[in-house]
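Notes to accompany the following structure.
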Amino acid sequence: MDDYMSLLLLSKGLLFEIALVIFIFGVLLRLFEIFSLGRKKDLSEPKANPTIIGIKTIFTRSIPSYEMMTKRGFLIVNGIIFHVGLFIVVFLLAPHITVIDRLIDLSWSPLSSQIINFATVVTIFSMIVILVHRFTHPVMKALTTSGDYVAWIVTFLPIISGYMAYNHLLLPYNLILALHILSVDLLLIVLPFSKLSHSFTFFMARYYSGTISGRKGVQL
Amino acid sequence: MQKLNATLMDELNRRGISRRSFLQYCVVLASTMGLSPVMANQLPEKLLNTKRQSVIWLSFQECTGCAEAITRADKLTLENLIFNFISLDYQHTLMAASGSAAEEAKHNAIEKNKGKYILIVDGSIPIKDGGVYSTVAGETNLDILKRDAKDAMAIVSLGSCAAFGGLPQAQPNPTGAVSVDEIIKDKPIINIPGCPPIPNIITGVLAHVLTFGIPTLDQYKRPVAFYGSSVHDNCYRRPFYDKGMFATNFDDEAARSGWCLYKLGCKGPMTHNACAVEKWNGGVSFPIQSGHGCIGCSEKDFWDSGGFYESMASPVVSAETISMAAVAGVGVGVAATALNKIKKAKSLKNSEPVTIKDLKQEEA
Amino acid sequence: MSNATLEKGINSFVKMIDAPIASFFSSCVSCGMCADACLFYQETGDVKYTPIAKLEPLRRAWEQEYTLFGRLKKLLGLSKKITNEELKQHTELVYNSCTMCARCSMVCPVGNDIAYMIRKMREGMAAGGFAPAGLIGASNRAVEIGSPMGLTLHALSAQIKHAEKATGITINLDKSDVEYMVLLSSMELINFPEYLEAIAKIFKQAGKTWTISSTAFEATNSGIQIGSSDIARILVKRIVDSAEKLKVKTVISPECGHAFTAIRYEGPNLIGRKYNFEVKHILEVLDSFNEAGLLPTEGLEKEKLTFHDPCSLARKGGVIDEPRRLLKKVSDNFTEMTDHGARNWCCGGGGGASAIEEGEPLRLKAFKTKQKQIEETEATTLVTACANCRIVLEEGVEHYNMDMPIVGLTELLAEHLVDKPKQKLKKEAKQ
Amino acid sequence: MKTITNDKQFKATIDELSSLQNRKLATLFLQNVMGLTDKKKYQQLLTLASNKNATEQEYANLQTAIQTMVVETNARCGTDTDWAAQAEHFVAKSALSCVKDANRSNQNSAYDSAMYARMACNFASIADGKSDEQAETQAQYQILIQFLGDK
């Protein structure tokens, strides 16, 4: 059998299956690990409804403050571009929607490939920018651990390989598609156990944070 | 009756085809073959001076679809001309002779054209159990191929079976079918995959061999001129793909409006072939144009590369696997919960109330 | 007597980690934006003051004890242990250079409440014997004497007597069935005794009954600052017991930030039940008086005013509109600082930081942005509502050679109470 | 001669005074509590007060120095209070009233000075149990009467 084709079949077959199993398993495990630690019921008289403000904070925290825009606007804008770009690329590309449809029987209308292609370029660019920023910004440099690089790499690989696959660059399509799917497999496996876990815990973090200040009638 | 050693020019004259229409044909042929301008200019002259070429066509495990495709033309065309021009000295289906007479004709042709004939092979070669699954005149395909290839100038593996093993090789491959290039290692081999391959490609490749020799091939020994880009690249439905307009059902409005068939399993993006350019039946249509996605027939192992109606990137995962993962996750999650709770309870048990007397460590 | 040990400290970390903390650590992407919100990083540029980095020992405790990979690493002996030396180094980071002002919590893009985590980490630091001497001393005095600053009932009585004389109003100790129980902070009684006079005048004017408890007059809570719930509980309990014994309806927290959050928000959780009374900050009470028309004032401040929001009051207490409504009663020339309300810039001395003597140079350095923001308003008088902020601001203003009086809002209002300005009017007429 | 027996009269009387008189009187109140602190610290102020030609600029310069003294003697949150030191703090505050810009309106510097002096006494009484705010109040009434007589 053709090596590339068998790699493609392996990547979207057995390996994807394994990756998905680890992903689901990992996410659930992490959620259990977090929720199992519990939270004491707050007995103090709330000034406002903490739950409502908690839920609101999940969304409002996406809006940067003026102060932070003046201080770290570059990082914030780049971060927003990256996350929006990533969202577009991951969830609005037709083949991806097909995969999701196949997995959970849910689909929506995709964006045009030219837009996706553009978004991909922008996302790749923003990722390179963030990496350079990580090397140069003193605070980020000090905070950065190997885990941050792992997170960056496993995010970058699917994007760059996906871009190459779409544009038929350098490698035969089967091979690059296989590599793309392999990198996604890797991402799925690494995600729950790495810094990328923020993709599902940030809802909780924002919610908790929102309830803590919300109880005091403050929406930050 | 055709004269031996006649050139193509003689043949044209014999048939009364004008030089003008021949030149027009050459322009088209040159572009099909992807020739450089210099070579394109040389093409008419080279073609006109080619001698009649001896060709031996071996059919092994196949369906005769390839032969059908190339002989399908219902009227005489210039493409056919090339094919008619060659000296097809052996072809089961087409030749008038049969039995030992046919075998003898082949033997004679080989003897006469040692090292000069072109061997066309369609069909795969079974090698399991000594190759007993396909024989001609009591001889296995494997033996025939090995013997007849020995003195060939070049081998053309016509169709996906000869080129890649094709349908016979599909899992579980009961006959142990293999492609030609897995057996013959010491001869130039040109793969013209497709199920069947496009007739124009066959004649184009033959014309190239006759004039400029073996064309540039890719890693799968396919002529780059015809297999260099994907069906997707040249597909007239590509704009719909780019705009994200997809048919999701063969009879939905989108399908009727001619939208992209990616979601219906079209393998165009991974299939390298010239269908979208050359088309079929004298340029009438090709599968996608007739409303069906490309099944990727000219790619290796296309039978085993997922369902024809599954989009390419679609993973093959069963719902059971997902639910199994969920169950495992919950299971381990519960275990982790228990561990965490125990740990926390232990820390609570271990902690003594902090009083103001306990705020300092003992002086060392 | 059992000494503090490293083990106790780590055990306390493990005990303190809850679901919010686990979700916070799981979400951090090392963007370092918290540093830009922190006054100590802002002025020093030293990356060690990055808020999330201060929590590293707590993070490791979480990872090692509560995550699969952390456990595996620990089993294989690959995890980095938390050591005495490390925690000793963190004393400066978690106490001296953190006021728990929660500016970092406010800007974290994934929503990590870093101040919440610092508060929990201090539990372990205190239990492990890593709290700074200043806060240990304050906690000792708070528990043994009843005030972190050693203010005894005798001293309180002297101050009450003084206030009674100055105002001609009787101040009742331990009077039951009154509406309000007023708490005081040592800081006010020691540095700003005018506060007590102001309260007396305002309550008389409003016709409200109130008292001070002789067993729980102190509002501040060193336990919260040092990070020991056990000590904090003792201190809160005193207030709750007195308030319930005296059967008051409302307990009033004085102009002190952490005291308010300690009694108002942490207290019920410390004693494990809800109160039978309400807790309000003095500004909330004054605002309610004002709304009921019980706070008639006259005259406007001549100076241009600006207001410093105490972090614990605004961002961590939700008392934001009240001071503004009150200020506008007595001033038509009030400007906001760039960062105000819930987004205010901390004075640099909260969360017990001002009690740490060795932290003073850093505090003064960290004051720079506040100084700039004050100067930008071009105000001539700075108003605030926290005695600790007030002292820290005074020091900062002095350090940076700014000529600017700093006044407490309650006192400012008392000066404008209508019964008083008769003489004032006379004086103004004379000029 | 006027008699002053309570704070109401005391304040009303001070309110009648000009700001320059206020400053002079304030210095007298301060002098009366000098015993609670190191007198040398205020030598400059006392010299300045006795100089009739002293300029506002000189007062302003002194104000900065005294302001520093006030801030430096502040009791910081959570520190163990030294009551005697706190008495000094209020002496400094009293002194600060003496050097405030006489041209700035809305000032009752003598009254403020008197009040801070009393607080200083109050703190001293907490510290040593001897000082007496009541006695200080009476003394202040006498100082005022004397001042009005001298005027």
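Each chain gets a letter, A, B and so on, in the order the sequences are listed, and its residues count up from 1. Computed over heavy atoms, backbone and side chain alike; hydrogens, waters and symmetry mates excluded.
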| For B:Glu352 and C:Asp230, what are the C-alpha separation, side-chain angles and deciding distance, and is it a side-chain contact (heavy atoms from CB on, under 4.5 Å)? | CA-CA 10 Å; B:Glu352 301 161 30; C:Asp230 293 324; over 6 Å; no
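- Ion pairing of C:Glu65 with B:Lys346 is absent here, as no side-chain N (NZ or NE/NH1/NH2) approaches a carboxylate O to less than 4.0 Å.
- Here the NZ-CD distance, from B:Lys357 to C:Glu144, works out to 4.5 Å after rounding to the nearest 0.5 Å.
- Both the backbone and the side chain of C:Asp18 come within less than 4.5 Å of a heavy atom of chain B.
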| task | Any chance you could lay out the side-chain contact (heavy atoms from CB on, under 4.5 Å) test for B:Thr355 and C:Ile231, step after step, and finish with the verdict? | result | CA-CA 6 Å; B:Thr355 73; C:Ile231 293 172; 5.9 Å; no
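- Pairing each heavy atom of B:Val354 with each of C:Ala127, the nearest pair is CG2-CB, 3.9 Å.
- Remark: B:Leu359 CG to C:Ile226 CD1 distance equals 4.5 Å, nearest 0.5 Å.
- B:Gln361 contributes no side-chain N or O that, together with a main-chain N or O of C:Phe130, makes up a donor-acceptor pair within less than 3.5 Å.
- Taking the side chain as every heavy atom from C-beta outward, C:Lys15 and B:Lys344 never approach each other to under 4.5 Å.
- Within 6.0 Å of NZ in C:Lys237 there are 12 or fewer heavy atoms belonging to other residues, nucleotides or ligands.
- Heavy atoms from other residues, nucleotides or ligands lying under 6.0 Å from NZ of B:Lys185 number more than 12.
- Heavy atoms of C:Val143 lying under 4.5 Å from chain B belong exclusively to its side chain.
- For C:Arg71, the part lying under 4.5 angstrom from a heavy atom of chain B is the side chain only.
- One finds the CD1 atom of B:Ile356 at 11.0 Å from the CD1 atom of C:Ile136 (value rounded to the nearest 0.5 Å).
- Within a 6.0 Å radius of CD in B:Glu182, more than 12 heavy atoms belonging to other residues, nucleotides or ligands are found.
- Only the backbone of C:Thr5 comes within less than 4.5 Å of a heavy atom of chain B; no side-chain atom from C-beta onward does.
- With a threshold of 4.5 angstrom between heavy atoms, B:Ser351 approaches chain C through its backbone and through its side chain.
- A distance of 12.0 Å separates CD1 in C:Ile10 from CG in B:Asn350, rounded to the nearest 0.5 Å.
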